[in-house]
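Input: a single structure, listed below in structure tokens.
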Amino acid sequence: MKTIQPLNSNPPDPANPAADLVRQKLHGLYDTEPNAKEELQEAEAKTDHRSKHQRYMHELSRSGMSLAEIQTAWHNYYLGLPDTEKHQVWQEFYAEHERRKTAPPAAPAAKPAHHADSSPSKQPNPVPREPRSVSDIKKQLLKHVAVRGKQKGGHLKSLMFGLSCGLIVVVILLFSFFNERFIAPFISPSRTVSDSQIIIDPTSVTAGPEPKIIIPKINAELPVVYDEPSIDEDAVQHALENGVLHYATTPNPGELGNGTIFGHSSNNILNKGKYKFAFVLLKRLEVGDTFIIQKDSKRYVYRVFDKKVVKPEDVSILDDNQGKPATFSLVTCDPPGTSLNRLVVTGEQITPDPSSNVASSVTKQSKPAVLPSDSPTLWQRLTSWLES
């Protein structure tokens, strides 16, 4: 190792620029102090005749300061030295390195006081070396993250599934409510009646074989079901899928007494049948309007004389009308979309003359407790299915 000679204490000589350049380079060299850790070792190795700088480092080693704090103190101390003493520090540093090269191996130097608690007896057990490579650790971490992600994703999927099921139930309930209370009453194909009414000769008694009812004022022409002998509610609702229904306990057209035809005014659009809205416009009929019932290739004309709204339990509307030998009542739910009441429009036969009518051919049955209603709602179907 090259030994640097002491600096010349004389001021720079302007007449000798070469010497001045050397001085500047040496000054730059001494701007950085020797390593503090090695300076500590040097100071501890010297048991006697320590220099000023070695005594300073020895005092620092006994101060209890950390190595970083010693390094800072040594740096500040060194910067405050004049160039000659900085040169002296380096000379001592180089001399110690030369001594170590020639000296025989010696016992380890005592550690500074701030390392006193780190003796071998008090040092913690060494941490075993990680046997896995960096790539193995990386793969394991990625796998762990993926598993945690799947677990979180599973919780999220379960939450979304529960919310979806709840949303579906709410949508079904809302659809059922709005369909039956708001939508259904307004989607009848004949909701907007044409100004041109059905043209038919009410005095004609000849007609086709198909049984039907014709209501010119509301442009309704509907098939009439006569072959349902039961008045059980389920049987009635099934028959109403195919048209309007002649009630089995009442007389037929051409017979004496009060015949009755039931029809829906509105219904769940998901229910079967094309005649869910057959009588939705029945309330437009007024006293004096006519309707025609066709059966067995014969036509019967009726003129409206009564229109009223009754409760579902008022089965007296099925009775004969006093003073009128042959009548027919058209019945539907009111208001449309509910089963709260029944709208009853009754007309008396005017063609052909009812004096030619025959006695009723129906078998006498006990009256029902309640008049037929709209078919079960979507909610009623669901609750009945759950209860069964």
Side-chain angles (χ1 to χ4, degrees), residues 207-215 220-268 271-279 282 291-302 310-321 324-334 339 342-349 352 354 356-377 380-381 384 388:
E210 64 278 2
K212 60 184 177 181
I213 181 172
I214 302 169
I215 310 175
E221 185 171 343
L222 307 161
V224 181
V225 178
Y226 286 97
D227 58 358
E228 177 51 64
S230 174
I231 60 172
D232 179 74
E233 184 68 17
D234 291 338
V236 168
Q237 294 301 331
H238 180 72
L240 285 171
E241 295 175 4
N242 301 311
V244 293
L245 173 68
H246 171 255
Y247 207 56
T249 62
T250 64
N252 290 294
E255 297 179 347
L256 298 174
N258 180 44
T260 305
I261 290 178
F262 285 92
H264 286 314
S265 60
S266 67
N267 209 325
N268 191 327
N271 286 344
K272 295 186 295 182
K274 300 184 296 181
Y275 303 97
K276 295 186 282 286
F277 312 99
F279 279 172
L282 189 64
F291 58 89
I292 301 163
I293 299 177
Q294 182 173 294
K295 186 177 186 295
D296 299 331
S297 300
K298 196 168 184 178
R299 188 170 289 150
Y300 302 88
V301 182
Y302 298 83
V310 301
K311 291 297 182 182
E313 298 79 17
D314 187 359
V315 295
S316 65
I317 65 161
L318 302 175
D319 297 337
D320 295 343
N321 291 280
K324 298 186 182 297
T327 61
F328 244 90
S329 295
L330 310 181
V331 185
T332 191
C333 290
D334 186 79
S339 296
R342 302 294 183 269
L343 171 66
V344 184
V345 176
T346 306
E348 59 177 329
Q349 182 179 326
S356 60
N357 286 16
V358 298
S360 175
S361 60
V362 298
T363 304
K364 292 294 183 181
Q365 300 183 40
S366 59
K367 290 182 180 180
V370 65
L371 298 171
S373 67
D374 279 339
S375 61
T377 64
Q380 289 172 331
R381 291 180 185 274
S384 63
S388 62

* Hey, can you tell me if H246 and F328 have their rings parallel, tilted or perpendicular (30° and 60° cut-offs)? =>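 H246 and F328: tilted rings.
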
* Among N321, T250, T260, whose side-chain hydrogen bond (donor to acceptor under 3.5 Å, both in side chains) with T327 holds? ->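 Only one of N321, T250, T260 forms a side-chain hydrogen bond (donor to acceptor under 3.5 Å, both in side chains) with T327, namely N321.
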
Closest heavy-atom contact between [X] and [Y]?
{"X": "G254", "Y": "Y300", "answer": "CA-CE2, 3.4 Å"}
{"X": "V244", "Y": "A278", "answer": "CG1-CB, 3.8 Å"}
{"X": "F262", "Y": "L371", "answer": "CZ-CD2, 4.1 Å"}
{"X": "S297", "Y": "P209", "answer": "OG-CA, 3.4 Å"}
{"X": "S329", "Y": "V344", "answer": "CB-CG1, 4.1 Å"}
{"X": "E255", "Y": "N357", "answer": "O-ND2, 3.3 Å"}

Working to the nearest 0.5 angstrom, can you tell me the gap between [X] [atom1] and [Y] [atom2]?
{"X": "H238", "Y": "D232", "atom1": "NE2", "atom2": "CG", "value": "12.0 Å"}
{"X": "E221", "Y": "I215", "atom1": "CD", "atom2": "CD1", "value": "10.5 Å"}
{"X": "Y247", "Y": "I231", "atom1": "OH", "atom2": "CD1", "value": "4.0 Å"}

Would you confirm whether [X], through its side chain, and [Y], through its main-chain N or O, come within 3.5 Å as a donor-acceptor pair?
{"X": "E210", "Y": "P223", "result": "no"}
{"X": "E233", "Y": "V236", "result": "no"}
{"X": "D320", "Y": "N258", "result": "yes"}
{"X": "Q294", "Y": "G208", "result": "yes"}
{"X": "Q237", "Y": "S373", "result": "yes"}

* Asked: How far apart are the C-alpha atoms of R342 and C333, what are their side-chain angles, what is the distance that settles it, and do they pass the side chain to side chain contact (heavy atoms under 4.5 Å, CB included) test?
  -> CA-CA 5 Å; R342 302 294 183 269; C333 290; 3.9 Å; yes

* To do: Please report the C-alpha distance between N252 and D296 in whole Å, then the side-chain angles of each, then the deciding distance to 0.1 Å, and finally whether the side chain to side chain contact (heavy atoms under 4.5 Å, CB included) criterion is met.
  => CA-CA 11 Å; N252 290 294; D296 299 331; over 6 Å; no

* Asked: Given H264 and E241, is the side chain to side chain contact (heavy atoms under 4.5 Å, CB included) satisfied, shown in steps?
  -> CA-CA 9 Å; H264 286 314; E241 295 175 4; over 6 Å; no

* Counting only heavy atoms not in K367, do more than 12 sit closer than 6.0 Å to its NZ atom? ->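 More than 12 heavy atoms, drawn from other residues, nucleotides or ligands, come within 6.0 Å of this atom.
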
* Asked: So do P352 and K298 actually touch side chain to side chain, heavy atoms under 4.5 Å?
  ->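 They are in side-chain contact.
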
* Check whether any side-chain heavy atom of P229 lies under 4.5 Å from a side-chain heavy atom of T363, and answer yes or no. =>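 No, their side chains stay 4.5 Å or more apart.
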
* **Qualifying residues under salt bridge (Lys or Arg N to Asp or Glu O under 4.0 Å), relative to K311, sequence neighbours excluded** =>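 K311: no salt bridge (Lys or Arg N to Asp or Glu O under 4.0 Å) contacts found.
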
* side-chain hydrogen bond (donor to acceptor under 3.5 Å, both in side chains) involving D334 - partner list, sequence neighbours excluded ->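 Partners of D334 by the side-chain hydrogen bond (donor to acceptor under 3.5 Å, both in side chains) criterion come out as none, since no residue qualifies.
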
* To do: Dump the intermediate steps for side chain to side chain contact (heavy atoms under 4.5 Å, CB included) on L245 and E228, then the final yes or no.
  => CA-CA 8 Å; L245 173 68; E228 177 51 64; 3.9 Å; yes

